[in-house]
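Presented below is the structure to which this report refers.
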Amino acid sequence: MAKSTYGDQEISTNLLVTLKHLKSELNIFTQEASNTELYNTVTQVYESISTLQRDVFDMMGVQGWYELCADTKENIAKAYRKLAKSQKDLCQ
């Protein structure tokens with residue numbers, strides 16, 4: 001049987017993806033909470049997960065594993081036009 005090993009980058013990537021999914025699910029949970037106490041508790045957990053997600057993202061950036069780069073003006077303009085069209089379609 002082949003032994004599989006994961007490095008720090010793979011573990012961090014998996015953690016970041018897991019936190020993103022968990023945050024998404026908790027967001028839905030907050031919208032469907034049946035009472036104020038439950039809503040407040042889930043909101044606190046959501047905020048904690050949000051902080052953890054950002055911490056992992058920042059750490060990955062420091063390590064050079066998650067690099068952001070500027071987009072071109074053309075791509076930004078294209079995205080803006082697409083958003084404006086969607087907004088116009090929704091308002092009709």
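Here the shortest heavy-atom pairing between V45 and L26 reads CG1-CD1, 3.7 Å. Residue D8 comes nearest to W65 through the heavy atom pair CB-CH2, 3.6 Å, listed as atom of the first residue, atom of the second, then distance.
The side-chain heavy atoms of V62 and D58, taken from C-beta on, include no pair separated by under 4.5 Å. Between M60 and T13 the shortest side-chain heavy-atom distance falls below 4.5 Å. In this structure, the side chains of Q9 and Q63 stay at 4.5 Å or more apart for every pair of heavy atoms.
Distance check, rounded to the nearest 0.5 Å: NZ of K78 to CD of E74 gives 8.0 Å. L15 CG to I11 CD1: the interatomic distance, rounded to the nearest 0.5 Å, is 9.5 Å. Taken from OG in S24 to CD1 in I49, the straight-line distance is 12.5 Å, to the nearest 0.5 Å. Atom CG in L90 sits 10.0 Å away from atom NZ in K85 (nearest 0.5 Å). In this structure, CG on D55 lies 11.0 Å from CG on L16, to the nearest 0.5 angstrom. Separation of atoms NZ (K23) and CG (L52) is listed at 11.0 Å; rounding is to 0.5 Å.
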Take N27 and Y46, measure what side-chain contact (heavy atoms from CB on, under 4.5 Å) needs, and give me the verdict at the end. CA-CA 7 Å; N27 182 47; Y46 176 87; 3.8 Å; yes
Using the rule given for side-chain contact (heavy atoms from CB on, under 4.5 Å), can you reason through Q87 versus L83, listing the C-alpha separation, both sets of side-chain angles and the distance that settles it, and then say yes or no? CA-CA 6 Å; Q87 184 178 15; L83 179 62; 5.5 Å; no
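The closest donor-acceptor contact from the side chain of T18 to the backbone of N14 lies under 3.5 Å. Side chain of E25 to backbone of L22: no donor-acceptor contact under 3.5 angstrom is found.
Scored by the ring pair (Phe, Tyr, Trp, His ring centres under 6.0 Å) test, Y66 finds F57 as partners (sequence neighbours excluded). Listed by chain and residue number, nothing satisfies the salt bridge (charged side-chain N to carboxylate O under 4.0 Å, His left out) test with K88 (two or more places apart in sequence, or in another chain).
Within a 6.0 Å radius of CD in Q31, other residues, nucleotides and ligands contribute more than 12 heavy atoms.
V17 and V56 are assigned to two separate hydrophobic clusters, defined by single-linkage of ILVMFWY side chains at heavy-atom distances under 4.5 Å.
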